[in-house]
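Here the structure is a predicted model, which means the values were calculated and not measured. Any value given below was found using the heavy atoms of this structure, including those in side chains, with hydrogens, waters and symmetry copies removed. For ligands, and for the atoms within them, numbers begin at 1 and follow the listed sequence.
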Amino acid sequence: MATDEERQLEAMRERAHAELEHLDTTEALEDWRTRYLGRERGELTAVLKGLGKLPGEQRKIVGQAANAVKTELEALLEARRQAVQAQERAATLERERVDVTLPGAAMPVGHVHPLSQVMRDIARTMKAMGFQQYDGPEVETDYYNFQSLNLPPDHPARDMQDTYWIAPGQILLRTQTSPNQVRIMESMRPPVRAYVMGKVYRNEAIDASHEAVFHQVEGLLIDETCTMADLRGVLERFAREMFGGERKIRFRPSYFPFTEPSAEFDVDCMSCKGKGCRVCKYSGWLEMGGSGMVDPRVLRGVGYDPTVYRGFAFGLGIERIAMLRWDIDDIRQFMSNDLRFLRQLT
Ligand code: FA5
């Protein structure tokens with residue numbers, strides 16, 4: 001005949017079984033364990049603690065029964081825990097699954113700055129015509145930037161180029177690439193076919209077509225026979241490589257202290273083919289740069305005999321070429337670092 005304690009124990013056992021079956025998270029299992037087996041408030045623990053109050057024989061029977069239930073519930077809990085953990089692990093794996101067949105995120109690829117693109121085209125063009133590339137210093141002496149180019153300290157033509165001085169009257173930021181004419185000639189004997197590209201600096205008011213820092217390319221050819229006709233041929237080929245099509249060159253008389261005769265050169269407008277439009281301000285021509293036959297005094301200065309050797313030089317702004325190529329109306333955009341602008345110019 002079962003006692004009250006045994007019946008209670010059996011009821012608790014059945015209840016614990018029934019509840020455990022429906023639990024499916026680690027937290028719920030832990031809660032269940034605390035309620036039945038917990039050391040402080042567990043129902044079964046309470047039965048075990050209360051054994052002392054029972055009479056001898058009954059204490060033994062209930063004690064054995066309670067211990068058997070405890071062992072059984074612990075085993076059940078462990079089995080359920082393993083099943084729940086396996087379920088949870090499977091759910092995590094499913095949730096965090098990586099589809100390795102999805103396309104990867106594309107890496108953004110930049111492109112060459114428009115001025116660098118133009119400089120690469122210039123290099124290719126000059127090389128194709130047999131000109132060798134040279135480099136010169138951006139921090140220059142008064143001698144190379146001015147005096148060797150026939151511009152003594154009090155020469156009025158110095159006003160054409162407002163200078164950033166480092167040591168006034170002695171060291172400056174080059175205002176043009178022309179000092180390299182002298183540097184190159186000093187370093188070799190004719191024939192010379194050379195060009196230089198790089199930054200130049202002028203302390204002037206900045207506007208849509210004038211920067212204080214900009215780029216020039218300088219060409220120089222020295223031999224015993226060349227003429228302005230050769231200069232024209234080189235400039236025409238240059239213009240065709242830069243702007244395409246059957247570009248024409250025209251000379252306008254000008255003055256540079258280091259060339260004689262001197263000429264500025266224009267290219268026929270590629271937008272309207274010389275008919276006149278907004279780009280060329282309805283003249284049909286676009287100003288490109290300065291040029292001329294190297295002045296005999298400059299030749300003599302580097303130890304070349306002007307009765308034997310002759311040559312031509314030309315110089316032009318690289319931003320100007322890029323502006324025409326991409327129809328850009330403000331020179332300041334090249335150095336503004338505005339990616340929306342730069343991304344358009346590929
Ligand atoms: C010169 O600098 C001469 N050294 C060119 C030369 C070389 C003549 C060899 C004869 C023989 P000029 O100051 O005109 O010349 O400048 C040449 C070109 O540089 C101009 O046609 C223009 O395209 C560009 N340029 C001049 N000033 C600026 C400026 N502030 N911003 C942008 N481009 C400029």
Side-chain angles (χ1 to χ4, degrees), residues 114-115 118-119 122 126 131 134 136 138 140 144-146 148-151 155 157-164 172-185 192 194-222 226 228 230-232 234-235 238-239 242-243 249-267 285-299 310-325 328-335:
L115 290 180
V118 172
M119 285 196 263
I122 292 173
M126 297 305 284
F131 287 75
Y134 287 83
E138 290 177 22
E140 205 26 300
Y144 282 110
N145 197 81
F146 291 130
S148 69
L149 294 169
N150 233 354
L151 279 139
H155 195 288
R158 281 192 176 212
D159 288 347
M160 287 164 26
Q161 298 174 352
D162 295 317
T163 307
Y164 284 116
L172 47 82
L173 294 177
R174 69 182 179 196
T175 61
Q176 49 184 351
T177 41
S178 299
N180 294 295
Q181 292 181 29
V182 177
R183 287 185 175 276
I184 290 165
M185 287 190 283
V192 176
Y195 75 100
V196 174
M197 284 190 289
K199 284 198 183 83
V200 300
Y201 302 80
R202 290 188 193 178
N203 188 359
E204 58 186 336
I206 293 169
D207 61 27
S209 51
H210 295 86
E211 267 281 17
V213 183
F214 60 100
H215 296 76
Q216 285 189 338
V217 51
E218 185 93 9
L220 175 70
L221 185 147
I222 309 282
C226 80
M228 289 280 284
D230 298 304
L231 170 60
R232 187 189 194 99
V234 165
L235 292 177
F238 185 90
M242 288 303 120
F243 304 114
I249 287 291
R250 98 174 162 182
F251 284 131
R252 274 179 295 110
S254 185
Y255 172 75
F256 296 101
F258 38 94
T259 46
E260 180 60 37
S262 299
E264 280 178 83
F265 58 96
D266 304 336
V267 61
W285 295 94
L286 296 160
E287 285 181 30
M288 293 305 302
S291 66
M293 301 303 289
V294 178
D295 193 291
R297 287 185 59 176
V298 175
L299 294 176
R310 42 202 285 127
F312 64 72
F314 62 90
L316 68 156
I318 293 175
E319 279 79 357
R320 181 118 182 93
I321 298 174
M323 288 171 82
L324 290 170
R325 181 181 283 185
I328 294 162
D329 57 11
D330 194 327
I331 191 172
R332 290 167 289 199
Q333 296 208 276
F334 290 114
M335 290 300 165

Give the atoms of ligand 1, by number and element, whose distance to some non-hydrogen atom of Ala313 is under 4.0 Å. 9 (C), 11 (C)
Mark up the atoms of ligand 1 that fall under 4.0 Å of a heavy atom belonging to Gly317, in ascending order. 18 (C), 19 (O), 23 (O), 24 (C)
Has ligand 1 got any nitrogen or oxygen that is less than 3.5 angstrom from a nitrogen or oxygen of Glu204? yes
What are the two closest heavy atoms between Arg232 and Arg250, and how far apart are they? NH2-CA, 4.2 Å
Side chains of Glu287 and Asp266, heavy atoms from C-beta outward: is any pair under 4.5 Å? yes
Backbone, side chain, both or neither: what part of Ser291 comes under 4.0 angstrom of ligand 1, heavy atoms only? backbone
Describe, in one word, how the ring planes of His155 and Tyr255 are oriented to each other, choosing from parallel (under 30°), tilted (30 to 60°) and perpendicular (over 60°). parallel
So is Glu264 touching ligand 1 or not, going by heavy atoms under 4.0 Å? no
Just to be sure I'm reading this right: ignoring hydrogens, which of Phe256, Tyr255, Tyr201, Phe334 gets closest to atom 14 (O) of ligand 1? Compare them by their nearest heavy atoms. Phe256
If you look at every heavy atom in Pro261 and Met228, which pair is closest and at what distance? CG-SD, 4.4 Å
Under 4.0 Å from one or more heavy atoms of Gln181, ligand 1 contributes atoms 9 (C)
Mind checking whether Thr259 has an N or O less than 3.5 Å away from an N or O of ligand 1? no
Judged on heavy-atom distance to atom 28 (C) of ligand 1, which of Phe312, Phe314, Phe214 sits nearest? Phe214
Contact summary for Leu299 and Arg310, nearest pair of heavy atoms: CD1-CA, 4.4 Å
Enumerate the residue pairs fulfilling side chain to side chain donor-acceptor pair (under 3.5 Å) with a member in residues 288-299, sequence neighbours excluded, ordered by first and then second residue. Asn150-Arg297
Within the structure, does Gln176 bring an N/O atom to less than 3.5 angstrom of an N/O atom in ligand 1? yes
Heavy-atom contact under 4.0 Å between Glu287 and ligand 1? no
Decide whether the shortest distance between a heavy atom of Glu211 and an atom of ligand 1 is less than 4.0 Å. yes
Please list, in number order, the atoms of ligand 1 under 4.0 Å from a heavy atom of Gly290. 6 (C), 7 (C), 8 (C), 10 (C)
Identify the two heavy atoms, one from Leu231 and one from Gly292, that lie closest to each other, and give their separation to 0.1 Å. CD2-N, 4.0 Å
For Met288, the atoms of ligand 1 under 4.0 Å from one of its heavy atoms are 21 (O), 23 (O)
His210 versus ligand 1: do any nitrogen or oxygen atoms come within less than 3.5 Å of each other? no
Ligand-side contact atoms (ligand 1) for residue partner Glu218, heavy atom cut-off under 4.0 Å: 7 (C), 9 (C)
Do Gln176 and Arg202 have side chains that approach each other closer than 4.5 Å (heavy atoms only, starting at C-beta)? yes
Looking only at heavy atoms, what is the nearest atom pair of Arg174 and Gly136, with distance? NH1-O, 3.2 Å
Heavy-atom pair of closest approach, residues Gly315 and Phe265: O-CE2, 4.3 Å
Looking only at heavy atoms, is any part of Val200 under 4.0 Å from ligand 1, and if so is it the side chain, the backbone, or both, or is it neither? neither
Sorted by chain and residue number, the side-chain hydrogen bond (donor to acceptor under 3.5 Å, both in side chains) partners of Glu264 (sequence neighbours excluded) come out as Ser254
Any atom of ligand 1 sitting under 4.0 Å from a heavy atom of Phe258? yes
Let's go through Ile331 and Arg320 carefully: what are the C-alpha distance in whole Å and the side-chain angles of both, what is the deciding distance for side-chain contact (heavy atoms from CB on, under 4.5 Å) to 0.1 Å, and is it a yes or a no? CA-CA 8 Å; Ile331 191 172; Arg320 181 118 182 93; over 6 Å; no
Looking only at distances, please establish whether an N/O atom of ligand 1 is found under 3.5 Å from an N/O atom of Thr175. no
